[in-house]
Amino acid sequence: MEIQLNEANTPFNLEHTLSCGQIFRWEKIGEWWYGFVGEKVVRVRQIGGRLLFQAFPENVDIHFIESCFRLDDDLPLILSRINRDRQIDEAIRAFRGLRIVRQEPWECLISYICATNANIPAIRNMILNLSKKFGKKITLDEHDFYTFPKPKDFAQADLEEIKKCKLGFRAERVLEVSRMMEEKEFNLEALRKMGYEEAKGRLMSLPGVGHKVADCVLLFSLGKLEAFPVDIWMKRIILKLYPNHFEQTFVEKILAKRSITPKEYEKISSFGRNYFGEYAGYAQEYLFHSRGHQL
DNA sequence: ACATCCCCTTAGCC
DNA sequence: AGGCTAAGGGGAT
């Protein structure tokens, strides 16, 4: 099946969207990107304004794909709103068509708990190891793929089995969060109806979830587009590109050290939300992808 | 109550 | 080849 993309109304770039570091489990093999939509493996390929896709074991409705890639977002409007200066304009021109992906909250939550103090290749490996050990195998095009495990799969597992997936100190957090979900002590879906602040507060009550992880889950899976995650790269990017929006002593202090305190996080993140507005998360992704490894 | 310091597993990168 | 770093969080002080 395929989706027709109109460049003027629905700009989309599959490559930028899947390789910008927001999502960890999609893989490009040959001309196709392989990933999951729910329990089904899906392969996707873009040729100009055509988005081709096919899911396995059975195909999925076109709306699942549109939803997954947030093709319902009015991207031209969003980009015009966040385009506040020459710096972001440059990023937008370089990566126009990059969209926030609508991930499944559970997988997104575990992914970013694993992302703590790790780099992207390491995160991808953790997620893959967990899926191989606790998920179900599905073979497509002679490649093996594994569904993402359910809370129950981790909750029933032994801590050591989770640690074997190279999670290190994150294993306890994954196990505890899974237990909480399994015992119905926490309702991820309920966060959708809440505002940004309330939903963030709830998420941060979970072990392994601080400001950064909560903002990523809110942005990438719960549709809170004002969320502005600040990792070590975003910290550098913001303080280098927008130093005049902060006190000079603050900029020097923060750039000199590696990690930041919750208060310092809030200062940088709320700048992002206020400066870029209701779609600040999109601005964050464009800046992250364009400047991420140059500073 | 509130800040600051320090540790945490592992693997990628240089 | 070995030291540093990484889409940070939490607990002790």
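Lettering follows sequence order; numbering is per chain, from 1. These figures come from a predicted structure and were not determined experimentally.
- Applying the ring-ring contact (aromatic ring centres under 6.0 Å, His included) test between A:H16 and each of A:F95, A:F288, A:W33, A:Y286 identifies A:F95 as the sole match.
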### Query
Can you give the dot-bracket line for DNA chain C, where a pair is Watson-Crick or G-U wobble with both atom distances under 3.5 Å, crossing pairs use [ ], and | marks a partner on another strand?
.|||||.||||||

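- Judged purely by atom type and a 3.5 angstrom limit, A:R170 uses its side chain to pair as donor or acceptor with the backbone of A:C114.
- Atom name P, nucleotides B:dG12 and C:dG9: the rounded distance is 22 Å, in whole Å.
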Can you give each donor-acceptor pair under 3.5 Å made by side-chain atoms of residues 204-212 of chain A, sequence neighbours left out, with the distance rounded to 0.1 Å?
| residue | atom | partner | partner atom | Å |
| --- | --- | --- | --- | --- |
| A:S205 | OG | A:R202 | O | 2.6 |
| A:H211 | ND1 | A:K200 | NZ | 3.3 |

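- Within residues 12-22 of chain A, the residues having any heavy atom under 4.0 Å from DNA chain C are, by residue number, A:G21, A:Q22.
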Identify all pairs in which a protein N or O lies below 3.5 Å from an N or O of nucleotides 1-4 of chain B, and state each distance.
| residue | atom | partner | partner atom | Å |
| --- | --- | --- | --- | --- |
| B:dA3 | OP1 | A:K263 | NZ | 2.3 |

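- Under the side-chain hydrogen bond (donor to acceptor under 3.5 Å, both in side chains) criterion, A:K132 pairs with no residue at all, not counting sequence neighbours.
- Across the protein-nucleic acid pair, A:Y112 atom OH and C:dA6 atom C1' stand 14 Å apart, rounded to whole Å.
- A:Y279 and A:D73 form no side-chain donor-acceptor contact under 3.5 Å, judged by distance and modelled atom types alone.
- A:R192 meets the side-chain hydrogen bond (donor to acceptor under 3.5 Å, both in side chains) test with A:E189; sequence neighbours excluded.
- Comparing the P positions of B:dA11 and C:dG10 gives an interatomic distance of 23 Å, to the nearest angstrom.
- The closest donor-acceptor contact from the side chain of A:E182 to the backbone of A:A155 lies at 3.5 Å or more, if one exists at all.
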### Task
Show the numbers, then the answer: is there a side-chain hydrogen bond (donor to acceptor under 3.5 Å, both in side chains) between A:D215 and A:Y112?
CA-CA 10 Å; A:D215 275 332; A:Y112 282 94; over 6 Å; no

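- Proximity of a side-chain donor or acceptor of A:R25 to a complementary backbone N or O of A:Y146 within less than 3.5 Å is detected.
- Among residues two or more places apart in sequence or in another chain, the side-chain contact (heavy atoms from CB on, under 4.5 Å) test is passed with A:E264 by A:F250, A:K253, A:I254, A:K257, A:I260, A:T261.
- Between the side chain of A:K224 and the backbone N or O of A:M194, at least one donor-acceptor pair lies under 3.5 Å.
- Proximity of A:E176 to A:R179: side-chain heavy atoms (C-beta onward) are separated by under 4.5 Å at one or more points.
- Remark: C1' of B:dA11 and CG of A:N129 are 11 Å apart, rounded to the nearest angstrom.
- The residue among A:L206 and A:P121 whose nearest nucleotide of DNA chain C is located toward the 5' end is A:P121.
- For the segment residues 211-232 of chain A, the set of residues with a heavy atom within less than 4.0 Å of an atom of DNA chain C comprises A:H211, A:K212, A:V213, A:F220, A:D231, A:I232, in numerical order.
- Judged as a ring pair (Phe, Tyr, Trp, His ring centres under 6.0 Å), and not counting sequence neighbours, A:F36 has no contacts.
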### Query
Can A:F69 and A:W26 be said to form a ring-ring contact (aromatic ring centres under 6.0 Å, His included), step by step?
CA-CA 12 Å; A:F69 295 119; A:W26 283 77; 5.7 Å; yes

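- One P atom belongs to C:dC4, the other to B:dC7, and the distance between them is 14 Å to the nearest Å.
- Nearest heavy atoms, A:P149 versus A:F134: CG-CB, 3.5 Å.
- Side chain of A:R99 to main chain of A:P11: a donor-acceptor pair is present (N/O by atom type, distance under 3.5 Å, no hydrogens or angles).
- A:S221 places a side-chain N or O within 3.5 Å of a backbone atom of A:V217 that can act as its donor or acceptor partner.
- Residues of residues 87-103 of chain A that place a heavy atom closer than 4.0 Å to DNA chain C do not occur.
- Counting non-hydrogen atoms of neighbouring residues, nucleotides and ligands closer than 6.0 angstrom, the CD atom of A:Q248 reaches no more than 12 such neighbours.
- Side-chain polar atoms of A:Y282 and A:R81 form no donor-acceptor pair below 3.5 angstrom.
- The main-chain N or O of A:F12 is found under 3.5 Å from a side-chain atom of A:Q46 such that the two form a donor-acceptor pair.
- The distance from atom CZ of A:F24 to atom C1' of C:dA6 is 12 Å, rounded to the nearest whole Å.
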At a cut-off of 3.5 Å, list every protein nitrogen or oxygen paired with a nitrogen or oxygen from nucleotides 5-10 of chain B, distance to 0.1 Å.
| residue | atom | partner | partner atom | Å |
| --- | --- | --- | --- | --- |
| B:dT9 | O2 | A:R170 | NH1 | 2.8 |
| B:dT9 | N3 | A:R170 | NH2 | 3.4 |
| B:dT9 | O4 | A:N117 | ND2 | 2.9 |

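- Within residues 265-286 of chain A, the residues approaching DNA chain C are A:Q284, A:E285, by heavy-atom distance under 4.0 Å.
- Between the side chain of A:Q284 and the backbone N or O of A:P229 there is at least one donor-acceptor pair closer than 3.5 Å.
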